[in-house]
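Report on the structure given below.
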Amino acid sequence: MNQSFNVQGMTCGHCERAVTQAVKALDPQAQVTIDRPAGTVDVASALSREAIAAAIAEEGYTVAEPA
């Protein structure tokens, strides 16, 4: 299932890696695509939206519903 998230606070490549690793820690098969300038994270995973958002938030980023 593809899900999109608006993520605030990603400013560098390290931020992208942290978000990717947080999601992949829950689902190693997840496909994570990040558009840092747009502040979006697209995740293809069977995980629930809540689980993915919680993993990203645990890394210190703000997750908002897509516009």
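Numbers for residues simply follow the sequence, beginning at 1.
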Sidechain-backbone polar pair: R49 side chain, S4 backbone, donor-acceptor under 3.5 Å: yes
Any pair counted as side-chain hydrogen bond (donor to acceptor under 3.5 Å, both in side chains), so long as it reaches residues 55-64, sequence neighbours left out: none
Gap between atom CD of Q29 and atom OG of S45 - 0.5 Å precision: 9.5 Å
All N/O donor-acceptor pairs, side-chain side in residues 18-26, below 3.5 Å, sequence neighbours left out:
{"from": "T20", "atom 1": "OG1", "to": "E16", "atom 2": "O", "distance (Å)": "2.9"}
{"from": "K24", "atom 1": "NZ", "to": "A30", "atom 2": "O", "distance (Å)": "2.7"}

Non-hydrogen side-chain atoms of V43 and Q31 separated by less than 4.5 Å: no
V32 side chain near V41 side chain, heavy-atom distance below 4.5 Å: yes
D42 vs Q3 side-chain heavy atoms within contact, under 4.5 Å: no
Listed partners of A38 passing side chain to side chain contact (heavy atoms under 4.5 Å, CB included), at least two apart: D35, T40
Any residue meeting side chain to side chain contact (heavy atoms under 4.5 Å, CB included) with S48, in chain and number order, not counting sequence neighbours: E50, A51
Atom of M1, atom of L47 and distance for their closest heavy-atom approach: CE-O, 4.4 Å
